[in-house]
Every structure is written in structure tokens, then in C-alpha cells.
Amino acid sequence: MGDFDKKYNIVDEKTPPHELLSGHYKQSFAYYTLRERLPVILTQVVDNLSRDKDEIAEKFGDGAREELKEIVGNISKLKYELQTDKELTPISGTSSDVMTWNIFLSSLNENSRSFFNACWLHSECYMYRRLRSIFELSTHLRDFDYFQKQKENALTCCTESLEKVAKSIDAHKEMERKCFKDFFRRLLKLNLWGNRCDLSISAGKEIIQTGDPYTDIDILDKYILVDQSADVWECVSQDDTKDHPVTFIHDNSGFEIFTDFLLADFIIEQNLASKVRFHVKAIPWYISDVTPHDFHWTIDYLLGHQSETLRTLGSRWKKYLENGKFELCPVNFFWTSPFEFYKMAENDKKLYTELGESKLVIFKGDLNYRKLIGDYNWDRTESFETCLRGFRPSNVCTLRTIKADLICGLKEGVGEELDKSDPDWMVTGKYGVIQFALKN
Ligand SMILES: O=P(O)(O)OC[C@@]1(O)O[C@H](CO)[C@@H](O)[C@@H]1O
Ligand SMILES: [Mn+2]
């Protein structure tokens with residue numbers, strides 16, 4: 001370790017800092033996820049395919065109907081492999097990430113190359129990648145998104161709430177103009193809580209956002225265990241970095257992406273940055289995650305909505321897309337790779353450098369958090385900077401509701417208190433963190 005590393009207690013990048021989270025530990029959320037949640041998610045895909053087979057055949061042709069039988073068989077096979085803790089076999093497929101995945105899989109230790117023995121992050125990502133490869137290898141359904149209906153429903157079922165939030169933000173605008181900092185921090189918190197609504201935590205069961213979470217947003221402050229929103233404001237309001245974009249690494253469709261856009265809208269309107277960039281997933285991922293299609297669909301849905309408030313927002317965001325104030329980045333398979341982000345610089349230098357152009361990169365959600373700090377049993381008071389293990393291509397912010405049993409940056413005693421008062425506090429999404437680290 002060099003002097004800098006010692007001073008800041010940076011962990012050597014090559015040595016695993018702590019025990020990896022894994023399905024091997026029966027008391028863990030990893031075990032529960034692999035055993036209970038993921039098989040349910042696979043069963044649900046099968047059920048939805050059989051429910052929608054006529055619709056699918058109409059859209060993709062009769063050949064698709066035939067192929068569905070084979071696809072269902074292959075999904076059942078994947079479920080069997082998962083439930084019987086089989087080896088993570090190579091991915092077959094035609095996409096450019098197949099080789100990277102397979103090199104990664106072959107680099108795993110032989111005794112940690114099965115669903116329950118591998119690092120949880122790796123086996124869970126693997127399941128979603130294998131699921132995708134089943135469709136990718138078909139002729140008629142290679143581009144079919146088996147989570148699409150659920151994602152669309154996550155937005156359409158909460159339009160009342162979208163409208164209320166948008167109206168109440170508009171109403172507060174005049175008042176909030178006196179203090180942009182407070183306004184920004186509220187939008188940031190709204191954006192944080194928008195992450196409560198992912199579908200994979202509920203194994204696909206609908207979670208509906210109701211009411212107007214903006215007006216009462218401060219009530220939830222007691223659930224924010226680390227709140228560095230003031231630091232994020234300081235970073236984003238720097239005048240000399242206006243020409244640098246703010247970048248979102250999106251997480252979920254539905255209510256969450258709407259709140260991402262609201263925050264991005266504020267950034268553009270207040271001229272905090274000339275451009276906001278968005279990164280999405282290349283393939284269907286963890287049920288709710290945004291793909292390019294979901295991104296455009298969301299804006300078009302708002303644009304065509306009967307509510308004038310939503311139409312206004314939709315048409316403004318469409319315009320931002322046209323004039324480059326909003327930019328959807330080309331899909332990048334790094335986001336659906338098994339790699340933690342500290343490995344980005346060596347695996348995708350270009351992406352790392354590109355993120356470095358931003359004045360701020362906002363990582364949304366629980367899975368991005370897991371990739372930021374790795375699926376390790378970190379000491380819960382370890383600093384966020386240390387856990388990033390050198391991954392600070394730009395100023396980094398994470399907005400994450402806590403849905404997996406790993407965390408860092410807590411004050412001494414906070415975790416222990418919660419263990420007593422609310423034993424499930426790490427896996428329900430009830431609590432959240434807004435954490436920030438300066439560029440390297
Ligand atoms: O990343 P998101 O959408 O906030 O959450 C994804 C998630 O539901 O899936 C994983 C477990 O299956 C957890 O990390 C997390 O709970
Ligand atoms: Mn997600």
C-alpha cells in the first residue's frame with residue numbers, strides 16, 4: 001500500500017476486502033433470493049408467456065408460437081439448474097458480451113462456480129443473462145422483452161400519483177425559487193424514494209405508488225440513514241462546471257424513471273448543466289430496469305396522456321431529447337456484465353473515461369449500489385470512498401433504497417440500533433441512503 005492508500009485506508013484492489021455475500025450462507029438474503037425469489041420470477045415469466053401466447057403469435061408470427069414451447073422448456077431447465085445448485089455453464093448467444101461473460105465464468109474458482117456458491121451478485125446477474133440468452137437464440141423472439149408488460153403497468157397504474165407530484169412541484173416552484181438548494185434536495189429525495197418501487201424485490205408483484213410523495217417528502221427524512229444531499233448540491237451547483245453533463249445511471253421503469261426525469265428537468269431548467277446523459281440496460285434486467293425502448297416509451301406515453309400536466313412534461317422532455325439537452329447514451333453491455341464498478345477501468349476504459357466528462361454521475365438503485373461497493377460483508381461503518389475501491393471516474397452520487405444486506409458509511413451504532421428495532425431493515429426498501437464521493 002502507498003502512503004495515500006494507508007492514509008485513506010483504501011483497500012488493495014486485488015485482495016477481497018471481506019467475505020463475499022453468497023447463497024452459501026443460509027441466513028443471508030442471498031440464500032433467500034436464490035431459493036425463493038428467483039425461481040418465482042422464472043415461473044412468472046413462463047406463466048406470462050403462456051397467458052400471452054396468442055398476442056405474441058399475432059405480433060411475431062406463428063413461428064413464434066412454436067418457439068415458445070422450446071423457450072418454456074429452456075426456462076424450466078434454467079430453474080432446475082438454479083434450484084439444484086448446478087454449475088454456472090457458459091452463456092450461448094449472439095451478442096457482443098457473450099465472450100466477456102464466458103471468460104469471466106471460466107475465471108471463477110471451481111468451488112465457487114455454482115448458483116449458491118458463487119458470489120451472490122455474480123449468480124443473480126448470471127440468471128438474468130441466461131434468461132436473455134434463451135430468447136436471443138430464438139428466431140422470432142430474439143428481441144422480445146418478457147418484462148415489458150410489467151414495466152409499462154408500473155407507470156400506467158400510478159399516473160394519478162405522477163400528476164399529483166408534477167402539480168405539487170409546479171405549485172412549489174415559485175416558493176422554492178428563493179432556495180434552489182432546498183428545492184434540489186427535495187427532488188433528490190423524491191428520486192431516492194422512487195427507487196422503492198422496483199418489481200424484483202416483490203418478485204414481480206405490483207407495487208403502486210399512491211398519493212403525492214413530494215409534498216410530504218421531509219417526513220421520510222428519518223429513514224435516510226446517510227444524507228449527503230448538501231454535498232451533491234454543492235457539486236452540481238458549481239458554476240465553472242456548467243459545460244459538463246450530469247449523468248444518470250438509470251435503474252427502474254415506472255415511477256422511478258419519472259422522478260429521474262423530474263430531477264434532470266430541474267438541472268436543465270436551472271442551467272446547472274447544459275446536458276443530462278442517461279445510461280440504460282441493453283437487455284431485460286432485474287424485471288424493472290429501463291431499456292432504450294422503455295426510455296422512449298415513457299416519454300411518448302406522457303406525451304400522449306390525457307392529463308395536460310403530464311403532456312406538458314412529456315413534450316418538454318421530448319424536445320430536450322431532440323435538441324440534445326437530454327441524451328440517451330448508446331447501450332453498453334458493461335451495465336449487464338457481472339463486473340463490479342471498480343473493474344470498469346480495466347474492462348471498459350472508454351466508458352470510464354466518458355463518465356469522467358461529467359460533473360456528477362448519479363447511480364440509481366440497489367443493484368447499482370451493490371456494483372459500486374461489491375457484494376462484500378463490509379463493516380457497516382466503513383467509508384463510502386474506501387468501498388468504491390478506486391472507482392471515482394467523476395463525482396459520484398448514489399440514491400439507493402436499501403434492499404440487500406450490505407451497506408457502508410453508517411455512523412457508529414446506527415446499524416446495531418436498527419438490528420434491534422427493525423430486524424428486516426436491510427431488505428425492505430424502507431430505508432435509504434444518499435451518498436457522495438469526490439472524483440479521484
Ligand atoms: O436495483 P433495484 O431495482 O433497486 O433493486 C433490485 C433488487 O430488487 O434486486 C436485488 C435482489 O434480487 C436486490 O439488490 C434488490 O433488492
Ligand atoms: Mn432495478
Side-chain angles (χ1 to χ4, degrees), residues 23 33-102 105 113-116 118 122-154 156 198-200 202-206 253 281-294 297 331 333 336-338:
T33 295
L34 292 162
R35 212 184 136 137
E36 305 290 335
R37 295 169 61 227
L38 298 190
V40 171
I41 289 171
L42 290 176
T43 304
Q44 227 176 53
V45 175
V46 169
D47 290 349
N48 293 347
L49 290 175
S50 100
R51 182 197 62 201
D52 298 338
K53 58 180 179 313
D54 293 334
E55 200 182 312
I56 293 171
E58 206 171 294
K59 191 163 167 204
F60 295 92
D62 269 339
R65 191 192 295 277
E66 276 311 300
E67 271 186 333
L68 275 178
K69 292 177 197 149
E70 201 184 327
I71 285 173
V72 165
N74 286 334
I75 299 174
S76 305
K77 181 170 173 284
L78 173 59
K79 186 172 147 191
Y80 169 79
E81 288 175 35
L82 162 65
Q83 291 182 308
T84 50
D85 191 23
K86 292 283 184 292
E87 195 179 313
L88 309 180
T89 52
I91 303 282
S92 325
T94 50
S95 307
S96 58
D97 64 330
V98 170
M99 195 159 82
T100 315
W101 257 102
N102 290 339
L105 291 169
R113 212 184 283 166
S114 70
F115 281 92
F116 284 74
H122 301 155
S123 52
E124 193 174 14
C125 289
Y126 174 84
M127 190 214 74
Y128 283 98
R129 185 60 189 87
R130 271 284 300 277
L131 179 59
R132 165 66 186 169
S133 82
I134 293 173
F135 289 84
E136 188 179 333
L137 290 170
S138 73
T139 309
H140 303 276
L141 293 168
R142 2 175 340 110
D143 297 321
F144 179 66
D145 183 346
Y146 30 93
F147 297 135
Q148 190 170 315
K149 274 202 171 173
Q150 283 157 285
K151 288 186 275 190
E152 291 183 359
N153 189 45
T156 55
D198 91 278
L199 287 160
S200 97
S202 59
K205 260 196 251 118
E206 187 179 84
S253 309
K281 306 295 191 299
I283 58 175
W285 199 243
Y286 283 69
I287 309 187
S288 301
D289 286 28
V290 179
T291 61
H293 175 274
D294 304 325
W297 180 88
V331 285
F333 278 103
T336 49
S337 74

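Quick caveat: nothing in here was measured; it's all calculated off a predicted structure. All heavy atoms count here, side chains included; hydrogens, waters and symmetry mates do not.
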Given F147 and N48, is the side-chain contact (heavy atoms from CB on, under 4.5 Å) satisfied, shown in steps? CA-CA 9 Å; F147 297 135; N48 293 347; over 6 Å; no

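- Paired with L38 under the rule side-chain contact (heavy atoms from CB on, under 4.5 Å), one option of L82, L131, L78 passes, and it is L82.
- Using modelled atom types, one finds no donor on one side chain facing an acceptor on the other under 3.5 Å when comparing R132 with Y128.
- F116 meets the ring-ring contact (aromatic ring centres under 6.0 Å, His included) test with Y31; sequence neighbours excluded.
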Please walk me through it: do L49 and F144 pass side-chain contact (heavy atoms from CB on, under 4.5 Å)? CA-CA 11 Å; L49 290 175; F144 179 66; 3.6 Å; yes

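- Taking the side chain as every heavy atom from C-beta outward, T100 and S337 never approach each other to under 4.5 Å.
- Considering all non-hydrogen atoms of both residues, L34 and S123 come closest at CD2-OG, 3.9 Å.
- For the pairing with Q148, the side chain to side chain donor-acceptor pair (under 3.5 Å) check across Q150, E152, K151 returns one residue only, E152.
- The minimum heavy-atom distance between R130 and I91, with the atom names listed, is CG-CD1, 3.9 Å.
- Summarising the geometry, atom CZ belonging to R142 is positioned 4.0 Å from atom OG1 belonging to T94; distances are rounded to the nearest 0.5 Å.
- Residues V331 and P292 approach most closely at CG1-CG, 3.3 Å, considering heavy atoms.
- The CD1 atom of I71 sits 8.0 Å away from atom CD1 of I134, with the distance rounded to the nearest 0.5 Å.
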Sequence neighbours excluded and cut-off under 3.5 Å, please list the side-chain donor-acceptor pairs for residues 53-61, or say none.
from: K53; atom 1: NZ; to: S50; atom 2: O; distance (Å): 3.4
from: D54; atom 1: OD1; to: R65; atom 2: NH1; distance (Å): 2.9
from: E55; atom 1: OE1; to: K149; atom 2: NZ; distance (Å): 3.0
from: E55; atom 1: OE2; to: K149; atom 2: NZ; distance (Å): 3.3

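- Residue pairs meeting the salt bridge (Lys or Arg N to Asp or Glu O under 4.0 Å) criterion with at least one member in residues 41-51, sequence neighbours excluded, do not occur.
- Between atom OH of residue Y146 and atom CD of residue Q44 there is a gap of 13.5 Å, rounded to the nearest 0.5 Å.
- Annotation: side chain of C125 is in contact with side chain of W285 (closest heavy-atom distance under 4.5 Å).
- The salt bridge (charged side-chain N to carboxylate O under 4.0 Å, His left out) check on R129 picks up D97, E136, with sequence neighbours excluded.
- For H140, there are no ring-ring contact (aromatic ring centres under 6.0 Å, His included) partners, not counting sequence neighbours.
- Here the side chain of S253 pairs a donor or acceptor atom with the backbone of S288 at under 3.5 angstrom.
- Looking only at distances, a side-chain donor or acceptor of Y126 sits under 3.5 Å from a matching main-chain atom of T89.
- Sorted by first and then second residue, the salt bridge (Lys or Arg N to Asp or Glu O under 4.0 Å) pairs with a member in residues 82-95 read E87-R113; sequence neighbours excluded.
- Counting heavy atoms from C-beta on, the side chains of E66 and D62 never come closer than 4.5 Å.
- Looking at every heavy atom in both residues, L88 comes nearest to A118 through CD1-CB, 4.0 Å.
- Checked by atom type and distance alone, the side chain of D294 pairs as donor or acceptor with a backbone atom of T291 at under 3.5 Å.
- Screening D289, T336, D145 for a side-chain contact (heavy atoms from CB on, under 4.5 Å) involving P284 leaves a single residue, D145.
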